[in-house]
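For reference, the structure discussed in these notes is given below.
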Amino acid sequence: MKINVPTMTNGYLDDKYTKHTSAVNQTDESPFISFPINITDVPENAKYLAFTLTDLDSIPVCGFEWIHWVAANIPADCTNIPEDAGRNNPFKWTRGYNSLAGGMLNKRDNPISAGYVGPTPPDKTHYYTLTVYALDAKLPLHDGFWYNELIHTMQGQLLEKSAVTLPVKA
């Protein structure tokens with residue numbers, strides 16, 4: 001599979017989708033407009049897709065890999081994810097919790113806690129990992145699942161995975 005994020009500017013994720021966006025695209029100082037994603041060369045036998053957006057560079061800052069976006073049960077023919085899909089959910093996928101919902105911040109009532117929360121690197125450029133998973137079946141997940149549940153549930157269903165790195169300026 002190949003992943004393309006068409007909204008890169010000078011090698012970085014466009015500011016519109018990060019902490020550098022305008023205040024109108026933020027809630028609680030968190031950006032909520034998700035970037036578009038184009039996926040090609042999906043395996044022919046794939047029935048569904050899932051994806052994650054995480055930040056390994058957050059480990060020295062907060063002690064864990066920050067989860068920005070988790071989605072599952074996207075029909076495999078829905079390979080052009082439009083801008084703001086994290087909020088609008090045009091393909092009626094199953095939404096996972098991001099790190100806002102975890103015990104550290106406990107913001108499950110925030111509407112963007114089960115969707116996209118944009119990158120906000122506090123200290124330096126961070127390199128975010130967008131991973132797309134091709135699956136041979138729908139996963140038995142419900143809205144509000146956790147990243148670790150996705151990883152465990154995919155066992156035996158995963159056909160292929162691909163990842164791309166998205167740098168974001170501090």
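Using a 30° and 60° split on the angle between ring planes, Trp146 and Tyr97 fall in the tilted class, from 30° to 60°.
Tracing side-chain contacts under 4.5 Å through hydrophobic residues (I, L, V, M, F, W, Y), one never reaches Tyr133 starting from Ile39; they form parts of separate clusters. In terms of hydrophobic clustering, with Ile, Leu, Val, Met, Phe, Trp and Tyr side chains grouped at heavy-atom distances under 4.5 Å, Ile67 and Leu56 are assigned to different clusters.
Exactly one of Thr54, Leu100, Val117 qualifies for a side chain to side chain contact (heavy atoms under 4.5 Å, CB included) with His68. That residue is Val117. Each of Thr7, Val5, Asn4 was evaluated against Pro36; a single residue qualifies, Thr7, per the side chain to side chain contact (heavy atoms under 4.5 Å, CB included) test. A ring-ring contact (aromatic ring centres under 6.0 Å, His included) with Trp69 is found for exactly one of Tyr17, Tyr147, Phe32, Tyr116, namely Tyr116.
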Trace of the side chain to side chain contact (heavy atoms under 4.5 Å, CB included) decision for Ile37 with Leu130: CA-CA 10 Å; Ile37 305 167; Leu130 173 64; 4.0 Å; yes
Step by step, work out the side chain to side chain contact (heavy atoms under 4.5 Å, CB included) result for Thr40 and Met1. CA-CA 6 Å; Thr40 56; Met1 279 184 306; over 6 Å; no
For Trp93 and Tyr48, run side chain to side chain contact (heavy atoms under 4.5 Å, CB included): C-alpha distance rounded to whole Å, both residues' side-chain angles, the deciding distance at 0.1 Å, then the answer. CA-CA 10 Å; Trp93 58 51; Tyr48 289 91; over 6 Å; no
Do Leu141 and Thr153 pass the side chain to side chain contact (heavy atoms under 4.5 Å, CB included) test, and can you show the C-alpha distance, the side-chain angles, and the key distance before you say yes or no? CA-CA 8 Å; Leu141 296 169; Thr153 305; 3.7 Å; yes
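The side-chain heavy atoms of Trp66 and Pro121, taken from C-beta on, include no pair separated by under 4.5 Å.
The side-chain tip of Lys169 points at the ring of Tyr12 from less than 6.0 angstrom away and within 45° of straight on.
Panel note: side chain Arg95, backbone Ser113; no donor-acceptor pair is recorded below 3.5 Å.
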